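Everything numeric in this text was worked out from a predicted model, so none of it was measured.
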Amino acid sequence: MGKIDQNNPYFINLKKSNLFDKLPNPSLLNLFDIGYIEQWPKKTCHFGDKNIHKFHIILTGKIKVYNYNIENDRYFTLYILKANDMFDVLTLINGYTHNIYYESLNYSEILCIPVASMKVWLTKNPIFVKSILDFTLHKMNHLEEYVKEIIIDDTPTRFAKLLIKYHNKLTNKLEVINNLPHNELANLIGTTRAVLNRHIRTLKLSGIIKIHKKNIEICDMDKLINLIKSDN
């Protein structure tokens, strides 16, 4: 791949994102100079410890961040990262390693930057520290809500909240989680595929959603919202 310039789709997409839009163009371009692009085919999996010397920015695709308990063969999905998101921030800040897995849910392209180079870049671009902090706080808030929902809400409520969270009001479509297999959706709300399928059937029979292949369409948002209210 040739040198990335301001007309490159990677640069254009990053520049549009809230994380990178405040960076001067030369600084953003310099990230491509000090890094390299990895191609992750679907189902590519990396353990957190293997990323200790790299900082990652997702250019295309979706990455599942999860924990895995080998003793009972259970997965715990923390969240899904999309294009213009980044990982692993903790490794960049203090070299912290943790028992986390990263798996590409579809073909993904990742900008990988050596941690040492990224730290030098940050000293020259301190404005990006705020973006890192905002991104980290957002993920912490997400995990806080996730833990609260697991403890307080029943499975139908958690699934309804998941659909509402990723629903784009402008396009009336689900984003990020659309096209995901039901087992991946189940992992996102802390349940099994069999249990989730029962609740999906209930929502379909109630006329709240329709499913074509793996595409979920919300047909009645009011009913979906009322479902949450009735359980609170």
Mind checking who shares a hydrophobic cluster with Leu133, ILVMFWY linked at side-chain heavy-atom distances under 4.5 Å? Leu137, Met140
Apart from Leu170 itself, its cluster of hydrophobic side chains linked below 4.5 Å comprises none
With salt bridge (charged side-chain N to carboxylate O under 4.0 Å, His left out) as the test, would you mind laying out the steps for Glu184 and Lys62 before giving the verdict? CA-CA 12 Å; Glu184 296 291 355; Lys62 291 185 285 190; over 6 Å; no
Against Phe55, only a single residue in Leu122, Val89, Asp88 fulfils side-chain contact (heavy atoms from CB on, under 4.5 Å); can you say which? Val89
So, do [X] and [Y] sit near enough that their side-chain heavy atoms are less than 4.5 Å apart?
| X | Y | result |
| --- | --- | --- |
| Ile113 | Trp121 | no |
| Tyr146 | Leu188 | no |
| Leu227 | Phe159 | no |
| Ile34 | Val120 | no |
| Lys16 | Asn84 | no |
| Thr157 | Glu149 | no |
| Leu180 | Leu105 | yes |
| Leu162 | Arg158 | no |

Side-chain ([X]) to main-chain ([Y]) donor-acceptor, under 3.5 angstrom:
| X | Y | result |
| --- | --- | --- |
| Asn8 | Asp5 | no |
| Asn168 | Thr171 | yes |
| Asn30 | Pro26 | no |
| Ser108 | Asn106 | yes |
| Lys15 | Leu23 | yes |
| Asn215 | Asn178 | no |

ring-ring contact (aromatic ring centres under 6.0 Å, His included) test vs Tyr66 passes for just one of Tyr101, Tyr79, Tyr102, namely Tyr101
Locate the shortest heavy-atom distance separating Ile189 from Ile150; write the atom from each residue and the value. O-CD1, 3.6 Å
Exercise: identify the closest heavy-atom pair between Pro41 and Ser104: O-OG, 2.6 Å
Using 0.5 Å steps for rounding, measure from the [atom1] atom of [X] to the [atom2] atom of [Y].
| X | Y | atom1 | atom2 | value |
| --- | --- | --- | --- | --- |
| Leu174 | Glu217 | CG | CD | 9.5 Å |
| Leu203 | Leu196 | CG | CG | 9.0 Å |
| Asn13 | Ile58 | CG | CD1 | 13.0 Å |
| Ile37 | Cys112 | CD1 | SG | 9.0 Å |
| Lys64 | Leu78 | NZ | CG | 10.5 Å |
| Glu38 | Leu59 | CD | CG | 11.0 Å |

Residues at least two apart in sequence or cross-chain that pass side-chain contact (heavy atoms from CB on, under 4.5 Å) with Thr60, listed by chain then number, are Tyr10, Glu109
Is the count of non-hydrogen atoms from other residues, nucleotides or ligands lying under 6.0 Å from Lys139 atom NZ greater than 12? yes
Among residues at least two apart in sequence or on other chains, which ones pass ring pair (Phe, Tyr, Trp, His ring centres under 6.0 Å) with Tyr36? none
Can you label the angle between the Trp40 ring and the Phe87 ring as parallel, tilted or perpendicular, going by 30° and 60°? perpendicular
Got a sec, which residues hit side chain to side chain donor-acceptor pair (under 3.5 Å) with His142, two or more places apart in sequence or on another chain? Lys165
So side-chain hydrogen bond (donor to acceptor under 3.5 Å, both in side chains) across residues 187-202, not counting sequence neighbours, yields His182-Asn197
